[in-house]
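Keep in mind the model is a prediction, meaning the values are calculated, not measured.
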Amino acid sequence: MKKQIYLSIFIVLLFLSAFSQQNIFPPVEVLKPDGTIVKASEIETGKGPVIVIFWNPDDNKCCSHIQDIQDAYIETFPGYDLKIIGICCITGGIFQQVGPSVNGREWVMEVYIDNTGDFRRSMGVPGVPFTFLFNPEKQVVCRYNGYCTGSEDILCKKLRECMQPLAD
């Protein structure tokens, strides 16, 4: 009898979790470029795929990586419901410089600052740049560490796979 009760409870919890809103981020605090504190779990991810890039503004490879992804996005996926979120990993740096830096480069991503490193650690990010691709169901379909020329092609291939069901 106890097994049936536990099984029933498990099934109900599984059912409820399947239909609840999926948060892809942990409930740690991050900053907006204006200094406002927000919970990462409250970041709006939209209904389509989400690219999340952990980066450091002082690292040229990180900036090149973001630029390559943005160029591929503009060329290949204009008009799609795709969200790009940049998580700036600066510890002890001057976060007020991040917003103008992003705006000056005309990057089309929403930016948050992980000045404590809690967000990076809770997502299991060993170093920057680090890129996640979440499908529309908010499941990780691609993740990679580092930067190399052509990595945006891999990401575009995975994005096409994510967007195929949306086109049908």
Side-chain angles (χ1 to χ4, degrees), residues 23-26 28-120 122-123 125-136 138-164 166-167:
N23 291 331
I24 60 176
F25 302 132
V28 296
E29 292 182 344
V30 293
L31 298 173
K32 290 183 175 181
D34 66 2
T36 307
I37 297 172
V38 297
K39 290 256 188 229
S41 57
E42 297 172 0
I43 295 173
E44 180 60 40
T45 57
K47 295 182 181 191
V50 180
I51 297 173
V52 180
I53 306 166
F54 286 81
W55 62 289
N56 182 333
D58 296 332
D59 186 332
N60 288 335
K61 287 185 179 185
C62 288
C63 296
S64 295
H65 179 61
I66 292 171
Q67 189 64 50
D68 289 348
I69 288 174
Q70 175 172 304
D71 292 345
Y73 162 71
I74 290 171
E75 181 180 316
T76 311
F77 300 104
Y80 281 90
D81 185 15
L82 168 67
K83 187 157 192 175
I84 302 174
I85 298 174
I87 308 298
C88 180
C89 298
I90 56 171
T91 53
I94 301 174
F95 68 86
Q96 293 92 346
Q97 295 175 353
V98 174
S101 175
V102 169
N103 292 338
R105 292 183 172 115
E106 298 179 352
W107 287 343
V108 292
M109 65 180 181
E110 195 170 300
V111 176
Y112 296 91
I113 301 157
D114 180 24
N115 65 336
T116 63
D118 291 341
F119 191 18
R120 181 182 54 80
S122 65
M123 294 288 288
V125 173
V128 293
F130 196 96
T131 306
F132 287 97
L133 172 61
F134 295 89
N135 65 13
K138 308 308 179 220
Q139 300 163 331
V140 176
V141 293
C142 182
R143 63 189 295 157
Y144 59 92
N145 189 19
Y147 168 73
C148 65
T149 303
S151 59
E152 67 279 2
D153 296 335
I154 296 167
L155 194 60
C156 284
K157 180 181 178 207
K158 291 289 187 179
L159 267 170
R160 280 188 198 90
E161 292 171 10
C162 289
M163 293 181 175
Q164 185 59 40
L166 299 176

Side chains of C63 and R105 in contact at under 4.5 Å (non-hydrogen atoms): yes
Straight-line distance of I87 CD1 to T131 OG1, nearest 0.5 Å: 11.5 Å
K32 and I113: side chain to side chain contact (heavy atoms under 4.5 Å, CB included), yes or no, with the steps? CA-CA 6 Å; K32 290 183 175 181; I113 301 157; over 6 Å; no
Pair listing, ring pair (Phe, Tyr, Trp, His ring centres under 6.0 Å) test, anchored in residues 98-117, at least two apart: W55-W107
Partners meeting side-chain hydrogen bond (donor to acceptor under 3.5 Å, both in side chains) with R143 (sequence neighbours left out): none
To check you understand the geometry: which heavy-atom pair defines the closest contact between I84 and V108, and what is its length? CB-O, 4.3 Å
Sorted by chain and number, sequence neighbours left out, side-chain contact (heavy atoms from CB on, under 4.5 Å) with I74 holds for Q70
Out of curiosity, M109 CE to K83 NZ, how far, rounded to the nearest 0.5 Å? 13.0 Å
Does the side chain of C62 reach to within under 4.5 Å of the side chain of P57, using non-hydrogen atoms? no
In this structure, is the centre-to-centre distance between the rings of H65 and Y144 below 6.0 Å? yes
Using modelled atom types and a 3.5 Å cut-off, is there a donor and acceptor pairing between side-chain atoms of D114 and backbone atoms of F119? yes
Note, F130 side chain near I53 side chain (heavy atom, < 4.5 Å): no
Please report the interatomic distance OG(S64) to CD1(I69), rounded to the nearest 0.5 Å. 11.0 Å
Do V52 and F134 come within less than 4.5 Å of each other through their side chains, counting heavy atoms only? yes
Any idea which heavy atoms bring C89 and F54 closest together, and the distance? SG-CD2, 3.6 Å
Between N145 and P126, is there a side-chain heavy-atom distance shorter than 4.5 Å? yes
Please list, chain by chain and in numerical order, all residues satisfying side-chain contact (heavy atoms from CB on, under 4.5 Å) with D58, sequence neighbours excluded. N56
Is there a side-chain contact between L133 and P49 (heavy atoms, below 4.5 Å)? yes
Partner set under salt bridge (Lys or Arg N to Asp or Glu O under 4.0 Å) for D118, not counting sequence neighbours: R121
Heavy-atom distance under 4.5 Å between the side chains of I85 and I43, does that happen here? yes
Output all residues satisfying ring-ring contact (aromatic ring centres under 6.0 Å, His included) with Y73, sequence neighbours left out; order by chain, then residue number. none
What distance do E29 atom CD and N115 atom CG have between them, rounded to the nearest 0.5 Å? 9.5 Å
Does a side-chain heavy-atom distance below 4.5 Å link T45 with K138? yes
Using only atom types and a distance under 3.5 Å, with no angle test, would you say the side chain of N135 pairs donor to acceptor with the backbone of V141? no
